[in-house]
Amino acid sequence: MNDFILAPSLLSCDFANLELQIKMLNASKADWLHLDIMDGVFVPNITFGQPVIKYIKKHAQKPLDVHLMIVEPDRYISDFKQCGADILSVHYEGNIHLNRTIAKIKECDMQAAVVLNPHTPVALLEDIIDDCDMVLLMSVNPGFGGQSFIANSLKKISQLKDMIIRHNAQCLIEVDGGISLDNYRSILKAGADVLVAGNAIFATDNPSATIDKFKA
Ligand code: DX5
Ligand code: ZN
């Protein structure tokens, strides 16, 4: 159970001290840095874009896991590669030509992930799962940190795990939203490989010690 990837979400960190936060993550047991890109159209919130990622990349010694919550992500795929993304996640709900989008991400030498909102059935991935390096299951409605984990997500993790096994696909399961020290074990038990946590890490007095607790 300890062998999972932990990806702290910088959405909840102190952006005035970004360099310090990244150095803390470099020295911690965190595996990836999860970056939430929101455009105020696909989701009702705005965060940051390529110029900020470029400087995060300058300091980060771990892979950048970039979660796009934007319309028309196809327009920016090579930009995200250039500013330092290692893994690029695009929403099923925001893409008409998902097969083409996934291919483009891979052509740009990034790992490609498809994201499902809480209401989107796992079964819709049947014809794209073999092309995905990862599927990201949203366990909250995207847009904000600090929301509660939607319990139905556990069922979706198991369904996705079954699909991956059935296809013999090389695809990780990432879960994002409302993950805490109280519920993360059940999420891993359901089949998750990668856990994103924002508030549960950065809202504590000692984020590095909290990361240790997740990894203990
Ligand atoms: C929400 C984002 C998440 C968010 C998770 O739209 O995709 O990555 O930062 O935050 P917590 O862990 O606080 O729910
Ligand atoms: Zn996210």
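Bear in mind that the values here come from a model prediction, so they are computed numbers and not experimental data. Numbering of ligands and ligand atoms starts at 1, following listing order.
- For ligand 1, the atoms lying closer than 4.0 Å to a non-hydrogen atom of F144 are 1 (C), 6 (O).
- Ranking the protein heavy atoms by distance from atom 5 (C) of ligand 1 puts D176 OD1, 3.5 Å first.
- Among all protein heavy atoms, the one lying closest to atom 12 (O) of ligand 1 is G198 N, 2.8 Å.
- Under the 4.5 Å side-chain criterion, counting only non-hydrogen atoms from C-beta, M110 is in contact with I77.
- At a 4.0 Å heavy-atom cut-off, ligand 1 touches N199 through backbone and side chain alike.
- Contact atoms of ligand 1 toward G177: 14 (O) (distance under 4.0 Å to a heavy atom of the residue).
- The proximity of P142 to ligand 1, defined as any non-hydrogen pair under 4.0 Å, involves the side chain as well as the backbone.
- Using cut-offs of 30° and 60° on the angle between ring planes, the pair H67 and H91 is parallel.
- A heavy-atom distance below 4.5 Å is not found between the side chains of H34 and S89.
- The distance from ligand 1 to the heavy atoms of G146 drops below 4.0 Å at these ligand atoms: 11 (P), 13 (O), 14 (O).
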### Verdict with supporting geometry, E107 and K81, salt bridge (Lys or Arg N to Asp or Glu O under 4.0 Å)
CA-CA 10 Å; E107 275 164 26; K81 172 63 184 176; over 6 Å; no

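- If you check the side chains of K155 and N152, you find a donor sitting under 3.5 Å from an acceptor.
- Put simply, I179 and L136 are part of two different groups of oily side chains (I, L, V, M, F, W, Y) that touch within less than 4.5 Å, one to the next.
- Taking all heavy atoms of G178, S139, G143 into account, the minimum distance to atom 6 (O) of ligand 1 is reached by G143.
- At a cut-off of 2.8 Å, measuring from the Zn ion (ligand 2), the protein N, O or S atoms that fall short of it are H34 NE2, D36 OD1, H67 ND1, D176 OD2, waters left aside.
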### Task
Carefully, step by step, assess K106 and D131 under the rule salt bridge (Lys or Arg N to Asp or Glu O under 4.0 Å).
CA-CA 10 Å; K106 291 181 169 178; D131 302 313; 5.1 Å; no

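- Ranking protein heavy atoms by distance to atom 9 (O) of ligand 1, first place goes to S9 OG, 2.7 Å.
- Per-residue contacts place A197 under 4.0 angstrom from the following atoms of ligand 1 (heavy atoms of the residue considered): 12 (O).
- Rounding to the nearest 0.5 Å gives a distance of 10.5 Å between CD1 of I128 and SG of C171.
- Interatomic distance, D133 CG to I105 CD1, rounded to the nearest 0.5 Å: 9.0 Å.
- When each atom of ligand 1 is checked for a heavy atom of M38 under 4.0 Å away, the hits are 6 (O).
- For atom 10 (O) of ligand 1, the nearest non-hydrogen atom of the protein is G145 CA, 3.6 Å.
- Taking the side chain as every heavy atom from C-beta outward, L10 and Q21 never approach each other to under 4.5 Å.
- Looking at Y76 and I37, their side chains never come closer than 4.5 Å, going by heavy atoms from C-beta outward.
- For the pair D65/E174, a side-chain contact is recorded, criterion being any heavy-atom separation below 4.5 Å from C-beta on.
- The closest side-chain heavy-atom distance from Y184 to K213 is not below 4.5 Å.
- With ligand atoms numbered from 1 in the order given, ligand 1 contributes 7 (O) to contacts under 4.0 Å with heavy atoms of H67.
- Nearest non-hydrogen protein atom to atom 2 (C) of ligand 1 is D36 OD1, 3.3 Å.
- Shown in contact with H34 at under 4.0 Å from a heavy atom are these atoms of ligand 1, numbered in order with element: 8 (O).
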